[in-house]
Amino acid sequence: MGRLDLSDIDRSNPETALVFIRHKTRDIYKERRIDLDADTLRLLDPYLRQYQPDELLFTCTTRNLEYILTDIGLRAQMPFKLSFEVLRWTMALHQYLADIQEDQIRQKLGLSRQSWYETGAKIRRLAARPPIATDNTDSETVDVL
């Protein structure tokens with residue numbers, strides 16, 4: 001996960017705000033653009049007013065954010081360990097089930113066409129499975145792949 005600067009959020013278009021996800025891989029800079037819906041902006045604006053960040057949107061480390069997310073999952077009695085990876089897969093599966101084009105999902109995940117070959121197959125398998133019944137008391141990680 002990269003560091004988000006305030007400048008990575010573009011509100012110049014009143015109809016669609018964007019967040020730019022930029023990172024460097026082996027001397028190659030990559031960039032993804034993700035639409036921000038109105039609900040996200042309604043959550044972002046109070047955060048910006050409360051914390052008044054200067055440059056970075058979030059000042060805690062990726063590891064710390066992962067701990068916070070895991071704690072939220074435990075308090076919510078999730079039947080698995082909640083993580084950013086689980087959130088990414090959940091988003092991809094929901095998008096697939098909502099008939100979003102696979103290439104759009106691939107781009108949102110930031111995957112190459114080669115990487116999507118395997119990932120897309122896993123998502124299609126997940127979509128074909130019946131929902132997993134849980135008892136909400138076990139906080140172990142559920143292996144869905």
Side-chain angles (χ1 to χ4, degrees), residues 1-25 28-113 115-116 118-120 122-145:
M1 184 184 296
R3 297 165 35 153
L4 286 177
D5 290 340
L6 290 173
S7 63
D8 292 329
I9 299 170
D10 180 4
R11 293 184 175 193
S12 61
N13 181 345
E15 294 186 26
T16 305
L18 298 169
V19 62
F20 292 88
I21 310 298
R22 301 176 175 108
H23 63 278
K24 183 179 175 183
T25 305
I28 299 172
Y29 287 93
K30 294 187 175 188
E31 177 180 281
R32 287 185 286 157
R33 297 176 189 156
I34 299 174
D35 293 342
L36 294 177
D37 61 17
D39 289 337
T40 303
L41 294 176
R42 277 194 292 274
L43 293 171
L44 179 62
D45 290 335
Y47 171 86
L48 293 173
R49 281 193 300 276
Q50 180 177 351
Y51 293 100
Q52 300 179 0
D54 291 326
E55 187 176 322
L56 294 177
L57 187 57
F58 304 107
T59 56
C60 64
T61 64
T62 303
R63 178 178 284 173
N64 202 19
L65 287 174
E66 218 28 93
Y67 291 148
I68 292 168
L69 188 57
T70 299
D71 288 346
I72 289 169
L74 289 171
R75 279 185 262 145
Q77 297 181 334
M78 301 294 291
F80 50 83
K81 181 182 176 193
L82 189 58
S83 68
F84 288 111
E85 191 65 17
V86 167
L87 292 177
R88 284 172 51 86
W89 277 92
T90 302
M91 178 277 305
L93 180 60
H94 281 258
Q95 296 266 296
Y96 180 83
L97 293 172
D99 291 327
I100 303 297
Q101 291 182 352
E102 287 191 24
D103 199 54
Q104 284 182 289
I105 300 168
R106 177 190 67 78
Q107 289 176 20
K108 216 175 253 191
L109 291 172
L111 298 175
S112 69
R113 293 186 200 291
S115 296
W116 177 253
E118 183 178 334
T119 301
K122 288 179 181 180
I123 290 171
R124 288 187 289 281
R125 283 196 308 270
L126 283 171
R129 292 169 78 176
I132 299 171
T134 61
D135 63 5
N136 283 345
T137 59
D138 180 15
S139 62
E140 294 297 314
T141 301
V142 174
D143 185 2
V144 293
L145 305 176

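Considering only heavy atoms from C-beta on, Leu56 stays 4.5 Å or farther from Leu4 through its side chain. Side-chain atoms of Leu44 and Arg11, non-hydrogen and from C-beta on, do get closer than 4.5 Å to each other. Looking at heavy atoms from C-beta onward, Trp116 lies out of side-chain contact with Asp103 at the 4.5 angstrom threshold. You'll find the side chain of Lys81 reaches within 4.5 Å of the side chain of Thr70, heavy atoms only. Annotation: side chain of Leu126 is in contact with side chain of Trp89 (closest heavy-atom distance under 4.5 Å).
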Step by step, work out the side-chain contact (heavy atoms from CB on, under 4.5 Å) result for Leu82 and Leu87. CA-CA 8 Å; Leu82 189 58; Leu87 292 177; 4.0 Å; yes
Please assess Glu102 against Arg106 for the test salt bridge (Lys or Arg N to Asp or Glu O under 4.0 Å), listing each intermediate value before the final yes or no. CA-CA 6 Å; Glu102 287 191 24; Arg106 177 190 67 78; over 6 Å; no
Evaluate side-chain contact (heavy atoms from CB on, under 4.5 Å) for Asp35 paired with Val19, printing each intermediate quantity in order. CA-CA 7 Å; Asp35 293 342; Val19 62; over 6 Å; no
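Residue Gln104 holds its CD atom at 12.0 Å from CG of Leu109, rounded to the nearest 0.5 Å. Expressed to the nearest 0.5 Å, how far CD1 of Ile100 lies from OH of Tyr96 amounts to 12.5 Å. Between the CG atom of Leu93 and the CZ atom of Arg129 there is a distance of 10.5 Å, given to the nearest 0.5 Å. Taking OG1 from Thr90 and CD from Gln95, the interatomic distance works out to 11.5 Å, rounded to the nearest 0.5 Å. Summarising the geometry, atom CG belonging to Asp45 is positioned 13.0 Å from atom CD belonging to Gln50; distances are rounded to the nearest 0.5 Å. Taking CD of Glu55 as the start and CG of Leu6 as the end, the distance is 8.0 Å to the nearest 0.5 Å.
Panel note: side chain Thr40, backbone Leu36; no donor-acceptor pair is recorded below 3.5 Å. At distances below 3.5 Å, not a single donor-acceptor pair connects side-chain atoms of Asp5 with backbone N or O atoms of Ser7. Of the possible donor and acceptor atoms, one in the side chain of Thr119 sits under 3.5 Å from a partner among the backbone N and O of Ser115. At least one donor-acceptor pair under 3.5 Å links the side chain of Tyr47 to the backbone N or O of Leu57. In this structure a side-chain-to-backbone donor-acceptor pair under 3.5 Å is missing from Arg33 to Leu18.
Ser83 approaches Leu69 most closely through the heavy-atom pair C-CD2, 3.4 Å. Between Arg32 and Arg88, the closest heavy-atom pair is NH1-NH1, 4.3 Å.
In the model, Asn13 has no side-chain atom that pairs as donor or acceptor with a side-chain atom of Thr16 under 3.5 Å.
More than 12 heavy atoms of other residues, nucleotides or ligands lie within 6.0 Å of CD in Glu31, so this atom counts as buried by the packing criterion. Residue Tyr51 qualifies as open at atom OH: its count of foreign heavy atoms under 6.0 Å is 12 or below. Around CG of Asp54, the count of heavy atoms belonging to other residues, nucleotides or ligands within 6.0 Å does not exceed 12.
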